[in-house]
Amino acid sequence: MHFGLHIADFTFDSGPAELGQTLARHVRHAEDAGIQRITVMDHFWQLPGIGPVEHEMLEAYATLGFLAAHT
């Protein structure tokens, strides 16, 4: 069985200024835990039901490149 992690919300308690460092830390921890696939939200604005539209949202392909560079 393979496990994956889908990141649907990029709003972390550390705030927007630390978003990159926090996201990189999360995916490194996921990789260390055996997660084999990481996917991210592919919308420009947050979807209702997941979070408010004001939450941070990253462009999907740029985010995947960033994650690849940190794992």
Side-chain angles (χ1 to χ4, degrees):
M1 180 182 301
H2 297 266
F3 288 98
L5 171 67
H6 178 67
I7 303 172
D9 191 343
F10 300 102
T11 304
F12 300 107
D13 292 337
S14 57
E18 300 293 320
L19 195 153
Q21 292 177 355
T22 303
L23 186 57
R25 186 172 54 254
H26 281 310
V27 298
R28 283 194 300 269
H29 289 170
E31 185 177 47
D32 291 345
I35 297 295
Q36 297 173 320
R37 175 181 49 249
I38 296 177
T39 59
V40 298
M41 188 68 86
D42 64 347
H43 300 277
F44 289 112
W45 295 276
Q46 187 54 272
L47 296 176
I50 295 176
V53 70
E54 299 84 24
H55 276 191
E56 289 78 18
M57 184 56 63
L58 304 176
E59 195 280 325
Y61 289 115
T63 304
L64 292 173
F66 176 85
L67 299 180
H70 287 88
T71 57

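Counting from 1, the numbers follow the sequence of the chain as shown.
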With a 3.5 Å cut-off and sequence neighbours excluded, list the donor-acceptor pairs that the side chains of residues 34-41 form with protein atoms.
residue, atom, partner, partner atom, Å
Gln36, OE1, His2, ND1, 2.1
Thr39, OG1, His6, ND1, 2.7

Review item, side-chain donor-acceptor pairs of residues 12-33, under 3.5 Å, at least two apart:
residue, atom, partner, partner atom, Å
Ser14, OG, Thr22, OG1, 2.7
Thr22, OG1, Glu18, O, 2.9

For residues 46-71, tabulate all N or O donor-acceptor pairs below 3.5 Å that involve a side-chain atom, not counting sequence neighbours.
residue, atom, partner, partner atom, Å
Gln46, NE2, Ala8, O, 3.0
His55, ND1, Asp9, OD1, 3.4
His55, ND1, Asp9, OD2, 3.2
His55, ND1, Thr11, OG1, 3.4
Glu56, OE1, Thr11, OG1, 2.7
Glu59, OE1, Tyr61, N, 3.1
Glu59, OE1, Ala62, N, 2.7
Glu59, OE2, Tyr61, N, 3.4
Thr63, OG1, Glu59, O, 2.7
His70, ND1, Phe66, O, 2.8
Thr71, OG1, Leu67, O, 3.1

